[in-house]
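Numbering of residues begins at 1 and proceeds along the displayed sequence.
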Amino acid sequence: MKQIKNTFFALFISPEAVVAFLVFLWFSLNPTSLGSLGAHLKSDKDVWKYLPSLVLIFAGTAFRFSFKIRAPLDSSFNRILYEWPLYPLLVARVMVGLIFATCSGALGLATWIFGQHLDDLTVGAMFFLAAGVSATTALTMMLAYQKLRELIERYG
């Protein structure tokens, strides 16, 4: 039950969920500015060629840090982490982060592939949702790794 509750909170009460909510709020309250940003993305060929890859870079960074969270040190001190009673909850949180990274990476890729055929508002919303969620996921994974490593080195 604790695992289900933790996973629920990680999915719906998280920095990534806040970013998604803010993009949907922006989409609802000021669609013209989001549409103009989408139009700018589509019109500039250099931006269109490289900027959507930023989402994939963030998602890849989140994947890289997920491995580091599961094994933060290159020594036997990782055993302390593996024997921690709440380790399964940490693994569940990492898996939720990987789901966010995968979904945002897929959305970024879909924006890149199909974006020229979509309206400007949809392109702007899809790009900012994918970029915001993937950047937030990468940042939270990086911060979790740093804190976990600090705790293991301090108390291990």
Side-chain angles (χ1 to χ4, degrees), residues 1-31 33-34 37-38 41 47 50-115 118 121-156:
M1 184 65 180
K2 191 179 218 181
Q3 183 108 6
I4 293 170
K5 181 180 170 186
N6 185 55
T7 304
F8 175 80
F9 280 119
L11 280 170
F12 297 108
I13 302 174
S14 64
E16 292 90 350
V18 170
V19 168
F21 175 74
L22 290 175
V23 171
F24 285 121
L25 192 66
W26 187 11
F27 181 82
S28 301
L29 297 178
N30 196 359
S33 67
L34 195 57
L37 289 170
L41 277 173
V47 168
Y50 299 113
L51 197 58
S53 64
L54 185 65
V55 175
L56 298 175
I57 291 169
F58 285 142
T61 301
F63 269 89
R64 191 184 82 205
F65 277 110
S66 74
F67 292 114
K68 290 184 174 193
I69 290 171
R70 304 269 314 261
L73 300 173
D74 294 331
S75 66
S76 63
F77 285 111
N78 288 335
R79 184 173 36 93
I80 297 167
L81 177 64
Y82 302 147
E83 293 172 355
W84 181 41
L86 297 178
Y87 180 69
L89 297 179
L90 175 70
V91 172
R93 290 282 180 139
V94 169
M95 292 302 154
V96 168
L98 291 176
I99 290 169
F100 279 127
T102 302
C103 290
S104 62
L107 185 61
L109 197 58
T111 305
W112 203 359
I113 293 170
F114 303 114
L118 299 172
L121 178 61
T122 304
V123 168
M126 286 173 65
F127 174 73
F128 281 99
L129 181 63
V133 169
S134 64
T136 304
T137 302
L139 180 65
T140 56
M141 291 273 202
M142 181 194 69
L143 293 173
Y145 165 70
Q146 289 175 344
K147 187 65 175 180
L148 192 60
R149 187 175 172 121
E150 174 189 328
L151 290 171
I152 290 174
E153 287 181 358
R154 181 182 293 172
Y155 300 110

Student: Rounded to the nearest 0.5 Å, what separates atom CG in Leu22 from atom CZ in Phe128?
Tutor: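 Atom-to-atom, Leu22:CG and Phe128:CZ are 13.0 Å apart.
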Student: Take atom CZ in Phe67; do more than 12 heavy atoms of anything else shown fall under 6.0 Å from it?
Tutor: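 For Phe67, atom CZ is not crowded (no more than 12 foreign heavy atoms under 6.0 Å).
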Student: Output all residues satisfying side-chain hydrogen bond (donor to acceptor under 3.5 Å, both in side chains) with Trp112, sequence neighbours left out; order by chain, then residue number.
Tutor: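 Listed in chain order: nothing, the list is empty.
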Student: State which residues pass side-chain hydrogen bond (donor to acceptor under 3.5 Å, both in side chains) with Thr102; sequence neighbours excluded, sorted by chain then number.
Tutor: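 Thr102: no side-chain hydrogen bond (donor to acceptor under 3.5 Å, both in side chains) contacts found.
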Student: With side chains defined as the heavy atoms from C-beta onward, is the minimum distance between Ser104 and Phe58 less than 4.5 Å?
Tutor: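 When only atoms from C-beta onward are counted, Phe58 and Ser104 do not touch, as no gap falls below 4.5 Å.
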Student: If you look at every heavy atom in Ala92 and Thr7, which pair is closest and at what distance?
Tutor: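 Closest heavy-atom pair between Ala92 and Thr7: CB-OG1, 3.9 Å.
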Student: Just verifying a value: how many Å separate Phe27 CZ and Leu121 CG, rounded to the nearest 0.5 Å?
Tutor: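 So the CZ of Phe27 and the CG of Leu121 are separated by 4.5 Å.
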Student: Roughly how far, to the nearest 0.5 Å, is the CE atom of Met141 from the CD1 atom of Ile69?
Tutor: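 Spacing of CD1 (Ile69) from CE (Met141) equals 5.0 Å.
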Student: Ring pair (Phe, Tyr, Trp, His ring centres under 6.0 Å) with Phe63: which residues, sequence neighbours excluded?
Tutor: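 With sequence neighbours excluded, Phe63 shows a ring pair (Phe, Tyr, Trp, His ring centres under 6.0 Å) to no residue whatsoever.
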Student: Ignoring hydrogens and angles, tell me if any N or O in the side chain of Tyr82 forms a donor-acceptor pair with the backbone of Arg70 under 3.5 Å.
Tutor: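 Yes.
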Student: Measuring from Ile113:CD1 to Leu118:CG, what's the distance to the nearest 0.5 Å?
Tutor: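 Between Ile113 CD1 and Leu118 CG, I get 11.5 Å after rounding to 0.5 Å.
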Student: State which residues pass salt bridge (charged side-chain N to carboxylate O under 4.0 Å, His left out) with Arg149; sequence neighbours excluded, sorted by chain then number.
Tutor: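 Expected list: Glu153.
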Student: Carefully, step by step, assess Phe24 and Leu129 under the rule side chain to side chain contact (heavy atoms under 4.5 Å, CB included).
Tutor: CA-CA 8 Å; Phe24 285 121; Leu129 181 63; 4.2 Å; yes
Student: Determine whether Cys103 and Ile99 make a side-chain contact, defined as any pair of heavy atoms from C-beta on separated by less than 4.5 Å.
Tutor: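 Yes, close enough: below the 4.5 Å cut-off.
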Student: What closest approach, in Å, do Ala10 and Val96 show between heavy atoms, and which atom pair accounts for it?
Tutor: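 Where Ala10 meets Val96 most closely, the heavy atoms are O-CG1, 3.7 Å.
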Student: Side-chain contact test, heavy atoms from C-beta onward, threshold under 4.5 Å: evaluate it for Trp84 versus Ile80 and give yes or no.
Tutor: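 SC-SC contact between Trp84 and Ile80 ruled out.
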Student: At what distance, to the nearest 0.5 angstrom, does CG of Leu139 lie from CE of Met142?
Tutor: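 Reported to 0.5 Å precision, the distance equals 5.0 Å.
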Student: Output the distance between atom CG (Leu148) and atom CD1 (Ile152), rounded to the nearest 0.5 Å.
Tutor: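 If we round to the nearest 0.5 Å, Leu148:CG and Ile152:CD1 are 4.5 Å apart.
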Student: Using a 4.5 Å cut-off on heavy atoms from C-beta on, say whether the side chain of Val55 contacts that of Phe127.
Tutor: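 Contact flag for Phe127/Val55 side chains = yes.
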Student: Closest approach of Val19 and Val133, non-hydrogen atoms and distance?
Tutor: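 Answer, listing the atom of Val19 first, then Val133: CG1-N, 3.8 Å.
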Student: What's the shortest heavy-atom distance between Ala130 and Gly108, and which atoms?
Tutor: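 Shortest heavy-atom separation between Ala130 and Gly108 comes out as CB-N, 3.6 Å.
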Student: Mind checking what makes side-chain hydrogen bond (donor to acceptor under 3.5 Å, both in side chains) contact with Ser66, not counting sequence neighbours?
Tutor: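 For Ser66 there are no side-chain hydrogen bond (donor to acceptor under 3.5 Å, both in side chains) partners, ignoring immediate neighbours.
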Student: Could you pull out the closest heavy-atom pair between Gly132 and Thr136, with the gap in Å?
Tutor: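 The answer is O-OG1, 2.7 Å.
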Student: Considering residues at least two apart in sequence or located in another chain, which fulfil the side-chain hydrogen bond (donor to acceptor under 3.5 Å, both in side chains) criterion with Thr137?
Tutor: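 With sequence neighbours excluded, Thr137 shows a side-chain hydrogen bond (donor to acceptor under 3.5 Å, both in side chains) to Glu16, given in chain and number order.
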Student: Check the surroundings of atom CG in Leu29: do more than 12 heavy atoms from other residues, nucleotides or ligands lie under 6.0 Å from it?
Tutor: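 More than 12 heavy atoms, drawn from other residues, nucleotides or ligands, come within 6.0 Å of this atom.
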